[in-house]
*Asks:* 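Structure below; questions to follow.
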2 protein chains.
Amino acid sequence: MSINFLKTTGTLGADLRALRKSRGITLIDLSEKMGRSVGWLSQVERDISSPTINELRQIAKEFQVPLSLFFGSSEAKANEVGRIVRKSARRKIGGGAIGLVEELLSPDLTDDFEVLRSVFNPNAKLENFVTRPTQEVGYIVSGNLNLWIEDEMFELESGDSFRIRGEQFKWANPNDKNAIVIWVIAPPIY
Amino acid sequence: MSINFLKTTGTLGADLRALRKSRGITLIDLSEKMGRSVGWLSQVERDISSPTINELRQIAKEFQVPLSLFFGSSEAKANEVGRIVRKSARRKIGGGAIGLVEELLSPDLTDDFEVLRSVFNPNAKLENFVTRPTQEVGYIVSGNLNLWIEDEMFELESGDSFRIRGEQFKWANPNDKNAIVIWVIAPPIY
DNA sequence: ATATGAAATTTTAACACAAAATTTCATATA
DNA sequence: TATATGAAATTTTGTGTTAAAATTTCATAT
């Protein structure tokens with residue numbers, strides 16, 4: 001029986017690069033903000049050198065993502081890295097609204113889209129409209145979700161799906177039970 | 001009480017164009033194959049003129065998609081067109097393997113990705129490997145699915161997810177109950 | 001042993017031009 | 001009288017070139 005070391009999901013460098021690109025930041029920009037050299041950052045993103053936890057924390061802060069984005073709750077088997085995400089090993093993506101728990105179903109951040117599993121807690125709601133330059137499709141696995149897109153409101157039930165394309169939206173869970181939604185976003189925002 | 005006319009989902013022109021583009025076919029190519037004029041086709045894709053059922057059937061055949069792709073099983077409300085797909089109005093996407101029922105969760109074919117809901121019947125299996133130049137992510141909603149990617153086999157359970165990136169794959173439902181999978185494909189293949 | 005920063009390399013951006021694809025519309029057709 | 005055609009007009013996409021920007025490499029310093 002071995003001690004559980006803190007391990008990333010095995011795709012750290014590629015994830016960091018994808019994250020940086022999705023924000024339109026260059027290595028030069030980031031290195032200046034972090035006070036590190038460009039060469040070092042380049043190596044980190046290619047898994048040639050590995051950042052300490054503190055450095056990783058600094059990067060996470062720079063991109064406004066939770067540190068948890070880089071860690072699955074359990075370790076992936078070697079042959080599953082980049083291919084399979086087990087239910088027990090999904091990465092938490094915090095940062096969003098309260099009453100909303102998001103986890104990543106994609107194995108890393110390098111695809112042209114991202115797939116999330118979102119749990120909307122009972123009576124949770126997003127107060128203010130959000131707009132993103134993305135195409136998003138969601139599917140209600142269970143529960144109910146009220147969705148406002150521009151000036152329309154839709155009452156969605158289990159089995160319904162929706163699309164948002166750069167339009168402003170907000171949501172509310174009108175029920176006393178969780179709503180579970182599979183949510184696809186392109187291009188990636190995390 | 002009114003008679004139910006055969007109505008497309010309200011996104012026919014755009015869907016036809018997306019479908020044609022996804023196959024890398026030009027209006028000229030298609031018009032020659034169909035024996036119709038380029039101008040007319042152009043107008044169909046812009047909803048300026050509407051094809052007859054026979055013409056639509058001809059197009060469907062040309063693209064090797066079922067005619068059902070263009071019809072939801074019930075009519076969408078005007079303000080939901082292009083935004084919401086109700087559980088009862090999903091479009092059937094046949095053509096795949098036997099023992100597999102696929103429905104479209106995306107409201108049309110014009111996104112950078114497509115979201116499907118696939119039902120794998122008990123003990124259904126895909127005999128031969130498939131390879132597509134796509135990025136695909138799937139999420140097991142319920143049931144079990146065995147998935148082969150290249151030379152590895154994975155036993156997936158409810159809650160697990162996977163990614164396939166241009167790799168050859170095949171699948172089998174090892175159970176006596178349906179497996180339900182939300183499947184995302186980019187770029188679109190339908 | 002690791003990080004740095006300047007040099008070397010690779011990638012992306014910005015044009016300009018040609019080719020291809022699509023739209024428009026006056027006319028023919030049913 | 002509405003619809004389809006096909007040639008002309010327009011728009012979009014592709015190609016090749018060069019410069020700028022971004023990234024990688026690697027000899028040296030820490």
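A, B, ... follow the sequence lines: proteins, then strands. Residue 1 opens every chain.
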*Asks:* Under the ring pair (Phe, Tyr, Trp, His ring centres under 6.0 Å) test against F162(A), which residue among W148(A), W183(A), W171(A) passes?
*Replies:* W183(A)
*Asks:* Paired with dT17(D): which nucleotide, if any, by Watson-Crick or G-U wobble criteria at under 3.5 Å for both distances?
*Replies:* dA14(C)
*Asks:* Output the rounded distance in Å from CD1 (I28(B)) to C1' (dT11(D)).
*Replies:* 13 Å
*Asks:* Please determine, for dA1(C), whether a Watson-Crick or G-U wobble partner exists with both distances under 3.5 Å, and give it or none.
*Replies:* dT30(D)
*Asks:* Assign each of G39(A) and G39(B) to its nearest nucleotide of DNA chain C by heavy atoms, then name whichever residue's nucleotide is nearer the 5' end.
*Replies:* G39(A)
*Asks:* What are the two closest heavy atoms between I25(A) and L30(A), and how far apart are they?
*Replies:* CG2-N, 3.9 Å
*Asks:* Does a donor on one side chain sit under 3.5 Å from an acceptor on the other, for T110(B) and D108(B)?
*Replies:* yes
*Asks:* Under 4.0 Å from OP1 or OP2 of dA4(D): is there any side-chain N or O of W40(B) that close?
*Replies:* yes
*Asks:* Within the structure, does a side-chain N or O atom of R36(B) lie under 4.0 Å from either OP1 or OP2 of dT3(D)?
*Replies:* no
*Asks:* If each of E45(B) and Q43(A) is mapped to the nucleotide of DNA chain C with the nearest heavy atom, which maps nearer the 5' terminus, i.e. the 5' end?
*Replies:* Q43(A)
*Asks:* Does a nitrogen or oxygen in the side chain of R17(B) sit under 4.0 Å from OP1 or OP2 of dT23(C)?
*Replies:* yes
*Asks:* Does K21(B) have a side-chain nitrogen or oxygen under 4.0 Å from the phosphate oxygens OP1 or OP2 of dT12(D)?
*Replies:* no
*Asks:* Can you tell me how far P of dT22(C) sits from CG of L41(B), to the nearest Å?
*Replies:* 10 Å
*Asks:* How long is the line joining CG of D47(B) and C1' of dT22(C), in whole Å?
*Replies:* 16 Å
*Asks:* Do you know which two heavy atoms are closest between E55(A) and R36(A), and how far apart they sit?
*Replies:* OE2-NH1, 2.6 Å
*Asks:* Got a sec, which residues hit ring pair (Phe, Tyr, Trp, His ring centres under 6.0 Å) with F113(B), two or more places apart in sequence or on another chain?
*Replies:* none
*Asks:* Considering just the side-chain nitrogens and oxygens of S42(B), establish if one lies under 4.0 Å of OP1 or OP2 belonging to dT23(C).
*Replies:* yes
*Asks:* To the nearest Å, how far apart are E32(B) CD and dT22(C) P?
*Replies:* 12 Å
*Asks:* Would you indicate, yes or no, if dT24(C) has its OP1 or OP2 atom less than 4.0 angstrom from a side-chain nitrogen or oxygen of R46(B)?
*Replies:* yes
*Asks:* Just the rounded figure in Å: distance from P of dA22(D) to CD1 of I25(A).
*Replies:* 11 Å
*Asks:* Mind calculating the distance between CG (L27(B)) and C1' (dT11(D)) to the nearest angstrom?
*Replies:* 13 Å
*Asks:* Would you kindly give the CG-to-P distance between L30(A) and dT24(D), to the nearest whole Å?
*Replies:* 13 Å
*Asks:* So what's dA6(C) paired with, Watson-Crick or G-U wobble, going by both distances under 3.5 Å?
*Replies:* dT25(D)
*Asks:* Using the closest heavy atom to pick a nucleotide of DNA chain D for each, name whichever of T26(A) or I48(A) lands nearer the 5' end.
*Replies:* T26(A)
